[in-house]
Structure formats: C-alpha cells, structure tokens
Amino acid sequence: METKYIFVTGGVVSSLGKGIISSSLACILKARGYRVTIQKFDPYINIDPGTLNPYEHGECYVTVDGHEADLDLGHYERFTNVQTTRANNVTTGRIYQSVIDKERRGDYLGKTVQIIPHITDEIKRNVKLLGNTGQYDFIITEIGGTVGDIESLPFLEAVRQLRWELGQNSLCLHLTYVPYLAAAKELKTKPTQHSVKSLQEVGIQPDVLVLRTEKDIPVNMRRKIAQFCNVAPEAVIQSKDRPTIYEVPVRMHDQHLDEIVLRKMGVEPVGEPNMGPWMQFLHKIEHATEEVNIALVGKYVELQDAYKSINESLFQAATYNDRRLNLCSIHSEKVTPENVDELLRDMDGVIIAPGFGQRGIEGKFTALRWCREHDVPTFGICLGMQCMVIEFARNVLGLPEANSTEMNPTTPDNVIDLMEEQKSISNLGGTMRLGAYDCRLRPESRAAKAYGKLDIKERHRHRFEFNNDYRERFEAAGLQCVGENPATHLVEVVEMPSKRWWIGTQYHPEYSSTVLNPHPLFLDFIKATIAYHDERCGSK
C-alpha cells in the first residue's frame, strides 16, 4: 500500500506527551502488522540537541548512525522496537542550514529565497524522506512545540500543504489539555476549543482529538468538544493520567484509536492487534510487589528527563525481574566522605551516571570508593565508567593525582585521555565518538555471560577514552578490560571479577533497551542487586 502520513500536533500547553501518544499509536499499528516509524520535527534553531544543556532540553538521545536527537526518539524506540536514524529528527536549524547551503550553491537560480516555498518545500522533502524508501506503511510525524508558537508556523504550513497533496493518505491528530479547576469542581473545554481554532486558522482541520486529562471526561462533554471542533464524536478520545506510560497504547486501543485512524485513511481494520507480549509486560508491572532499591548518582538528578533512558531501562529490567523499581536520585555534588554511608547503605545497587565536565565529579569518586569497599553492585556508564577507572587508579594503584584530561589537562597520570588523533580538533562535535560501534567481549567475563555472546554493537557519546598505556597495571591489580573495539582496541568495558557486580561501559546501553527487548546488562545488574538484597536481608 502507499505510505500514509500521520501528523501529531499539540495545543494549550507544552509537555502534554505528544511523543507518548505518537509512540502508542505506532505501537498498536505495529502490533497489527504494519511497518511504522516516527519522526520528530523540532522548531528550535539548534542543528541538533547535542550542544543543549540538559536543563534546557533534558536527555540527548543518540541514534545508531550517530545523530544526537530529541529524547522523544528514545520513546519511539522503546515503544516500537524500531531503530531510528538522523532522518527521524529534524530541527529548524537543519532546515535553514540546508536551504542556505542550496542558495549558496546557486540551486535556486538567483530567486529570492523565502519561507514559502523554499523553507516549506525543504520541510516537506524531509517529512517524505523516510516514506520514499518504501520501507514503511505509516510515517508518524510529531511537530514539536504548541500550536500558536511563532517558531512552529513554517512546519504547520508545510503540514497544511501536505494534507492537500496527500489527500486520504494523510491525517492530523491533535493533542490538547482539558484542565480541571478544583475551585469550580469542573473540567474546562474552552482551552481545547481555542487550540483547535488556532490550528484551523493556519488551515489545518484535525481528524482526531486526544484530550489529556487528570479526570474522566464525560461522554456529553466529549460530544460538545466534537461539535465545536468539527471532529466526529467517536474521534474524540481521552488520555487520562496512568500509573505508567506503558499503559497508554492499551488505553488508546480500548477507545479504538487505531481503528479510527485506519478507517479515516481508507484502510479497513482486520482482526485485533497482537498485544500479547506487551500485555505480559503490563501484567508483570501490576503484580510486582517487592522493591529493588537503586541509587542513581549524577549531577542532573533533579531534572526529570536528564537520565530518561537510564530510568526507563532500569524500570524495564526491574519489571522483568518481577520487582518494583525504587529509584533514589542522589546529587553527586552533595556526596561527601562524611555522608556517603548514610546515603548508600540501604541501596541494593548503584548507577554512576554519564555526563560531561568537572561539576559533581568528586562526589562520584566518593560514592564509587564506598561501593567498591562495601562490594555493592555498581554500574558505571560512560563518564561513570571513566570515574570507576580514576577512583581505582587513585585508591588502589596508588596514583593520587590520576584523572581525566577533561577535568585536569595537566594531570601526571592521565588514565582517561583524548585519543591522539582527536587532540588537534577544536569543533565540539568533531571529537565526539557518536553512534553504534563494534565491541568484542572477553570470554567468561561477567559482561559476556550477561549478553550471551562475545560480539556486540553499542551506541557511544563521548570524547575521552581509557588510556591503554595503563592497561597492564589496572589488570594486574584486578580491574579487567573485558571489552574492546576490535578495530582500534579502545577499551569499552571494565569489570572487577572479585566483586559481586562491578561493570563500567564506555558506551550507553540504555539507548538500546526497549519494552520488548530489555537490555541484558540492565537485566543482569538488577538480578545481582536482588541477590545482594536477599543476602543482606537474610543475614539480619
């Protein structure tokens, strides 16, 4: 069948969950046997989120082809089990850069370059890029921002044009918010009406409305919204807050969202989606009673989305191990030798978070020393792995000034350093190792046993590497380099076999953990933390 395009827009307020709704719809369509992917168009002028502070934008997600992307792509992959690429995330910056490059080359033959048609044509070209591959039946396109934002106007104009060009092969789903006023004890529909009116003013009539709400919206109120917004009553669907985001696909299917979308696009639904594995996951969530207590030590823990993929990977792994995740966020700047015992002694396992820069680094070293000396299951990711190496060098190898040249360029023991070929590159992105790289694991290592194989491929986002000049000294003292890139021999995984579970990865395993394929390292880590918990509680 011809590729069909679903556009998801949002109104009233930001952060309503367009990414979750897009992912949920994709999940159901995929369960029906369709080939589906999702793309995010962001209205900010940055080329990508790679240089954005987590305080600005939350987690920066990395695709297999090395593109730094919006965190919603993590939701897309977790819900659909379909890998994304650079083509799945486009910003205003990328669009304008492409148009300006074409203008400089003379591609426009001297014409005046304008928003319409040049910018909108470039947006449309990018929207249809994945569809032109012939690999997908449905392309879901999420438009970032909120209707009414000046930044989003070129994207909405491009959507308006595509709606006319594609006809029944396109559809617009609009997500809005229905607030509940506690003082009046009423749900209010007016914000939704205004939001749809703003969308209509730019020439787009939504086909489906999804209403975010904290309370059930009565049928007569949904009928009123349908009447005011020119939408069929059955196509007004509520998305009530759920205990877990992974319930949303099921709740959307309960209200026939998938069938409504298919029929509006000229496809007659046949049978029911195969949601069996998804329902088993939800069953495990519902019936897990015992908790596993995990500390996440990082410098952005106060931000809900800064470590989103790690949080979700831990949640998935705990669920598959029949445990409820109790995640305790600990700010690394606040960890000291005086309080570390109090902060960590009740934890079953500790994650040392990734990141960049000096801030909070000493707290990570303090936490790591305590975990190593008390043999607590510990998982270091990216900078977390590098901190494992530095702490070990200082307190086991007897190199008190050991450091990364990122933190101290003049350290006498640069156990973490830039590769020689990177040192002359000044562009921030130029020194980054981004995307999926091969790794070969040492037979009989804990990591190899967790993966169940020796050759793996994982995603990276870092500049600094383990310094192989120190490798023999580390291994002789008990920190084994059990994973390396087969082409460059760069160290990818370190572990201490003498400990219960002590593994650091230079790569980011959290990027490839999904609901239906939880990451083996996270599964094994949680298994070790449960064993440690049972051992401690059994001895009391």
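Positions are given from 1 along the sequence.
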Query raised in the report: Is the gap between the ring centers of His460 and Tyr511 under 6.0 Å?
Result: no
**Report entry** Option passing side chain to side chain contact (heavy atoms under 4.5 Å, CB included) with Met385 (candidates Val493, Ile390, Ile503, Val491)
**Finding:** Val491
Query raised in the report: Charged N to carboxylate O under 4.0 angstrom, Arg372 versus Glu391?
Result: yes
Report summary line: When rounded to the nearest 0.5 Å, the distance separating NE2 of His287 from OG1 of Thr319 is 13.0 Å
Requested in this report: Fit a plane to each ring of Phe281 and Phe315, take the angle between them on a 0 to 90° scale, and name the class: parallel (under 30°), tilted (30 to 60°) or perpendicular (over 60°).
Outcome: perpendicular
Query raised in the report: What do the steps show when you test Asp72 against Glu142 for side-chain contact (heavy atoms from CB on, under 4.5 Å), and what is the final call?
Result: CA-CA 9 Å; Asp72 273 324; Glu142 178 190 344; 3.3 Å; yes
Requested in this report: Verify the neighbour count for atom CD of Glu291: are there more than 12 heavy atoms of other residues, nucleotides or ligands below 6.0 Å?
Outcome: yes
Query raised in the report: Distance only, no hydrogens: is a donor on one side chain within 3.5 Å (strictly under) of an acceptor on the other, for Thr84 and Glu77?
Result: yes
Query - Greater than 12 external heavy atoms within 6.0 Å of Ile45's CD1 - result: no
**Report entry** More than 12 heavy atoms of other groups within 6.0 Å of Lys527 NZ
**Finding:** no
Report task. Could you please spell out the steps behind the salt bridge (Lys or Arg N to Asp or Glu O under 4.0 Å) verdict for Glu333 and Arg359? Result -> CA-CA 7 Å; Glu333 280 190 288; Arg359 186 167 67 86; 2.8 Å; yes
Query raised in the report: Do Glu458 and Ser512 have a side chain donor and acceptor closer than 3.5 Å?
Result: yes
Requested in this report: For atom NE2 of His283, decide whether the heavy atoms of other residues, nucleotides or ligands shown that lie under 6.0 angstrom number more than 12.
Outcome: no
Report task. Would you please say whether a donor-acceptor pair under 3.5 Å links the side chains of Glu272 and His253? Result -> yes
Report task. Show your reasoning for whether side-chain contact (heavy atoms from CB on, under 4.5 Å) applies to Val494 and Phe474. Result -> CA-CA 10 Å; Val494 298; Phe474 275 101; over 6 Å; no
Requested in this report: Taking atom CD of Glu290 as the centre, report whether more than 12 heavy atoms of other residues, nucleotides or ligands fall under 6.0 Å from it.
Outcome: no
**Report entry** Distance-only donor-acceptor check, side chains Arg78 and Ser313, under 3.5 Å
**Finding:** no
Query raised in the report: Can you list the steps and then say if Leu383 with Ile361 is a side-chain contact (heavy atoms from CB on, under 4.5 Å)?
Result: CA-CA 9 Å; Leu383 180 62; Ile361 204 80; 3.9 Å; yes
Query raised in the report: Does one side chain, of Asn414 or Thr405, offer a donor that lies under 3.5 Å from an acceptor on the other?
Result: no
Report task. In plain terms, say whether Glu362 and Arg394 are close enough for a salt bridge, that is, a side-chain N and a carboxylate O under 4.0 Å apart. Result -> yes
Query - Heavy-atom side-chain proximity of Cys328 to Asn293 below 4.5 angstrom - result: no
Requested in this report: Going by the side-chain hydrogen bond (donor to acceptor under 3.5 Å, both in side chains) test, name the single residue among Thr37, Asp65, Thr141 that passes it with Asn88.
Outcome: Thr37
Query raised in the report: Should the pair Lys308-Glu59 be classified as a salt bridge under the 4.0 Å nitrogen-to-oxygen rule?
Result: no
Requested in this report: Just say parallel, tilted or perpendicular for the rings of Trp370 and His374, cut-offs at 30° and 60°.
Outcome: parallel
Report task. Using the salt bridge (Lys or Arg N to Asp or Glu O under 4.0 Å) rule, take Glu495 and Arg442 through it: C-alpha gap first, then chi angles, then the decisive distance, then the call. Result -> CA-CA 11 Å; Glu495 66 177 56; Arg442 185 181 297 174; over 6 Å; no
**Report entry** Residue Arg440 excluded, over 12 heavy atoms near CZ under 6.0 Å
**Finding:** no
Query - Side chains of Asp413 and Tyr470, donor plus acceptor under 3.5 Å - result: yes
Requested in this report: For Glu444, look at atom CD and say whether over 12 heavy atoms of other residues, nucleotides or ligands are found less than 6.0 Å away.
Outcome: no
Query raised in the report: Glu122 and Arg125: salt bridge (Lys or Arg N to Asp or Glu O under 4.0 Å), yes or no, with the steps?
Result: CA-CA 5 Å; Glu122 186 64 18; Arg125 186 184 71 80; 2.7 Å; yes
Query raised in the report: Is the closest side-chain donor-acceptor distance between Gln506 and Tyr437 under 3.5 Å?
Result: no
Query raised in the report: Do Asp42 and Thr91 have side-chain atoms, one donor and one acceptor, less than 3.5 Å apart?
Result: no
Query raised in the report: Under 4.0 Å between a Lys/Arg side-chain N and an Asp/Glu carboxylate O for Lys499 and Asp375?
Result: no
Query raised in the report: Is the centre of the Phe79 ring less than 6.0 Å from the centre of the Tyr246 ring?
Result: yes
Requested in this report: Please report the C-alpha distance between Val292 and His533 in whole Å, then the side-chain angles of each, then the deciding distance to 0.1 Å, and finally whether the side-chain contact (heavy atoms from CB on, under 4.5 Å) criterion is met.
Outcome: CA-CA 8 Å; Val292 59; His533 173 88; 5.9 Å; no
